[in-house]
Structure formats: C-alpha cells, structure tokens
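Take a look at the structure set out below.
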Amino acid sequence: LAAFADKAFDLVLLDIEMPGLDGYLVCSELRRQYGDALPIVLITGQPGYAPHRKVVSDYEIDGYQLKSELNAERIFVSVSSALRTYRLLHEQESLRRDLEQNVQELDQTLQALRESEANFIRAQSVAHVGSWTYDLVTDEILLSAETCRIFGLREGSVGNYKTYLERVFPEDRSGLQQAWQAALDRGTSFEHEHRIMVGAAIRHIRQRADLTCNAAGKPVRSLGTTQDITERKQAEDELRRSNGELEQFSYAISHDLRQP
C-alpha cells in the first residue's frame with residue numbers, strides 16, 4: 001500500500017493469500033482510496049475459499065482468476081480486459097467532465113444573453129425606441145416590448161400590415177403608404193413620421209427600417225425601429241406657439257412706438 005503513495009498504477013494484479021497480509025483487506029483499502037477508477041484482478045490458489053460471484057460483487061473487482069488455471073494467455077486476457085474497461089471508464093469520466101464544462105459554459109452564455117436582452121429592453125425603454133421585424137412573405141410583424149408599449153399593445157403581440165394601418169391616424173395613412181411603397185420599389189431603407197391612435201390618445205412616431213431582398217431583388221424582410229417622438233412634437237408645437245405670441249407682441253410694441 002505504501003507503494004501507491006509514490007507511484008501511479010494502471011492496474012493491480014493482487015494475490016488474495018500473501019504472507020502477513022489479507023488480499024481482501026488490501027482490495028478494500030484500494031477501493032476506499034481510489035474508488036472504481038483503478039482496475040483490480042484478484043488471484044487465488046484456494047478455489048473454495050470464496051465464491052466467484054460473492055468476491056466480484058463484494059469487492060467490485062475487475063477479474064478473478066484461479067492460480068491452477070493461470071497461464072500466459074489467461075493472464076494476458078484478464079489484464080487486457082481490465083485495462084480496456086479502465087480506459088473506457090476513464091474516457092467516460094472525461095466525457096462527463098467535458099459535458100459538465102460545456103453545460104456550465106452554455107449556462108453562462110445563456111445568462112449573459114438574458115442579461116444582454118434585459119439591458120437592451122431597458123435601453124429601449126429609456127430611449128423610447130422599440131424594434132420590430134416584418135416578414136413580407138407571411139405578412140407578420142414581430143414587435144419588441146417597447147414597441148408594444150408605444151402602440152398600447154400587450155407584450156408579445158404580433159401584427160400585420162393591415163392592422164398597422166388601422167392604428168395610423170387617417171390623415172397620415174396615404175403619405176405612409178406612398179413612402180413605404182417607394183421604399184419597396186427601390187429596395188432601400190424606409191423612414192417616415194406619422195401619427196398613431198392609442199386609445200383616445202394621439203402619438204407621434206418615427207419609423208425607420210432596412211429592407212432585405214431575395215436573389216431576385218424582391219424585398220422579403222424588414223428590420224426597423226419605432227421611436228416615440230410625441231414629446232418632441234409637443235415641444236415643437238409649444239415653441240411655434242410661443243414664437244407666434246412673441247411675434248404678435250413684437251408687432252404690437254412696434255406699432256405702438258410708431259404712433260405719435
């Protein structure tokens with residue numbers, strides 16, 4: 001047993017009856033220290049000392065041979081079989097560790113993706129910019145969480161071209177359709193500002209999109225963004241109103257100064 005502290009062995013060929021030492025106790029101690037990773041083949045000169053099945057089961061050995069039946073060929077077969085089993089177990093353990101490592105790396109990657117998606121959603125919410133994809137073949141529009149919020153829809157909602165137009169302010173639909181058709185004809189990017197109806201409220205949005213064409217040059221997919229510019233439009237309207245009032249005030253002052 002002391003030899004095992006200094007050297008590594010691929011297989012142990014162990015005699016059950018040794019002077020001053022019990023082979024079964026040695027086998028038990030080796031199993032306790034090294035588990036089933038070390039192949040052990042027991043050799044006995046007393047066939048009736050212990051039944052084969054009980055020895056193999058109780059001591060988890062990899063081979064059990066009678067000295068009276070041993071020859072070079074039997075030893076070769078037993079040792080080769082035990083070593084082959086050892087290699088298979090070693091490969092299995094290596095595969096298990098690799099699998100655990102791959103699963104751990106996959107979990108880390110998924111966690112990073114979830115965090116990235118959460119950050120992306122928060123960034124869209126802060127900027128009031130959502131995203132969407134439109135499959136022109138299936139007429140299906142997939143909306144991000146922020147885009148759903150802008151349109152007053154439940155998160156995960158799916159739309160199409162007709163349902164989108166229904167939400168556009170009636171006076172803006174014609175201009176939107178013309179701009180979209182022009183982008184399809186050119187096969188290039190699309191950009192348009194228009195109003196949408198969200199319940200009783202009116203919102204101003206800016207749509208931008210890039211088109212993807214097939215081999216024939218026909219647009220088949222669009223990836224775009226929706227920006228809620230309602231606050232900007234309201235600020236512009238307020239600025240125009242203030243400028244108008246200032247002009248009227250300036251005109252009145254100028255007119256009064258010109259009076260004798």
Side-chain angles (χ1 to χ4, degrees), residues 103-215 217-243:
V103 170
Q104 183 179 4
E105 292 176 355
L106 180 59
D107 287 342
Q108 293 173 351
T109 300
L110 290 175
Q111 180 61 27
L113 287 174
R114 283 191 289 267
E115 292 177 357
S116 177
E117 181 181 11
N119 291 334
F120 178 69
I121 292 174
R122 284 195 293 270
Q124 286 197 343
S125 178
V126 170
H128 301 299
V129 177
S131 58
W132 49 270
T133 58
Y134 178 33
D135 189 327
L136 280 77
V137 178
T138 61
D139 189 26
E140 184 178 69
I141 305 176
L142 302 180
L143 312 174
S144 72
E146 180 61 15
T147 304
C148 288
R149 187 202 65 79
I150 292 173
F151 280 86
L153 298 172
R154 179 174 50 84
E155 185 173 335
S157 297
V158 178
N160 55 51
Y161 186 70
K162 179 181 178 181
T163 57
Y164 181 84
L165 285 178
E166 290 174 351
R167 289 183 172 270
V168 176
F169 196 72
E171 295 179 5
D172 295 349
R173 289 175 187 169
S174 178
L176 170 63
Q177 289 176 295
Q178 291 177 13
W180 177 247
Q181 188 59 51
L184 293 179
D185 294 339
R186 296 191 307 267
T188 56
S189 59
F190 163 79
E191 182 173 350
H192 194 262
E193 294 183 7
H194 50 271
R195 291 167 291 178
I196 59 172
M197 298 175 292
V198 182
I202 301 295
R203 287 181 181 171
H204 295 260
I205 63 171
R206 171 187 288 169
Q207 293 284 28
R208 291 178 175 175
D210 287 327
L211 296 171
T212 300
C213 300
N214 59 18
K218 181 179 180 181
V220 293
R221 187 172 181 269
S222 179
L223 174 62
T225 60
T226 299
Q227 181 181 10
D228 187 346
I229 58 173
T230 303
E231 293 181 0
R232 192 201 76 186
K233 286 291 187 180
Q234 289 174 345
E236 291 175 353
D237 291 342
E238 180 63 23
L239 181 60
R240 281 193 293 268
R241 186 187 64 79
S242 297
N243 288 338

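In what follows, every heavy atom counts, from backbone to side chain, and hydrogens, waters and symmetry copies are set aside.
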Determine whether Arg149 and Glu155 satisfy the following criterion, salt bridge (charged side-chain N to carboxylate O under 4.0 Å, His left out), listing intermediate values before the conclusion. CA-CA 7 Å; Arg149 187 202 65 79; Glu155 185 173 335; over 6 Å; no
Given side-chain contact (heavy atoms from CB on, under 4.5 Å), test Tyr134 with Glu140 step by step and report yes or no. CA-CA 6 Å; Tyr134 178 33; Glu140 184 178 69; 5.9 Å; no
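Within the 4.5 Å cutoff, the side chain of Val158 has no heavy atoms near those of the Ile141 side chain. Annotation: side chain of Asp210 is not in contact with side chain of Ser222 (no heavy-atom distance under 4.5 Å). No side-chain heavy atom of Arg221 sits less than 4.5 Å from a side-chain heavy atom of Cys213.
Separating the CG atom in Leu223 from the CZ atom in Arg208 is a distance of 13.5 Å, to the nearest 0.5 Å. In this structure, the separation between CD1 on Ile150 and CD1 on Ile196 is 7.5 Å, given to the nearest 0.5 Å. Annotation: the span from Glu166 atom CD to Lys162 atom NZ amounts to 5.5 Å, rounded to 0.5 Å. To the nearest 0.5 Å, atoms OG1 (Thr226) and CD (Gln207) are separated by 3.0 Å. Rounding to the nearest 0.5 Å gives a distance of 11.5 Å between CD of Glu146 and OG1 of Thr225.
Side chain of Thr230 to backbone of His204: a donor-acceptor contact under 3.5 angstrom is found. One N or O on the side chain of Thr147 and one on the backbone of Ser131 form a donor-acceptor pair closer than 3.5 Å. For Asp135 (side chain) and Asp139 (main-chain N/O), no donor-acceptor pair under 3.5 Å exists by modelled atom type. No donor-acceptor pair under 3.5 Å is formed between the side chain of Arg195 and the backbone N or O of Ile202.
Ring centers of Tyr164 and Phe151: under 6.0 Å apart, within the cut-off.
Counting heavy atoms of neighbouring residues, nucleotides and ligands inside a 6.0 Å radius, atom CD of Glu231 does not exceed 12 of them.
In terms of heavy atoms, Ser189 sits closest to Ala183 at O-CB, 3.8 Å. When all heavy atoms of Pro219 and Leu184 are compared, the pair lying nearest together is CG-O, 3.6 Å. For the residue pair Cys148 and Leu143, the shortest heavy atom distance occurs at SG-CB, 3.7 Å.
Considering only residues two or more places apart in sequence or on other chains, His192 meets the side-chain hydrogen bond (donor to acceptor under 3.5 Å, both in side chains) condition with His194. Taking the salt bridge (charged side-chain N to carboxylate O under 4.0 Å, His left out) definition, one finds that Glu193 meets it with Arg206, Arg232, Lys233, sequence neighbours left out.
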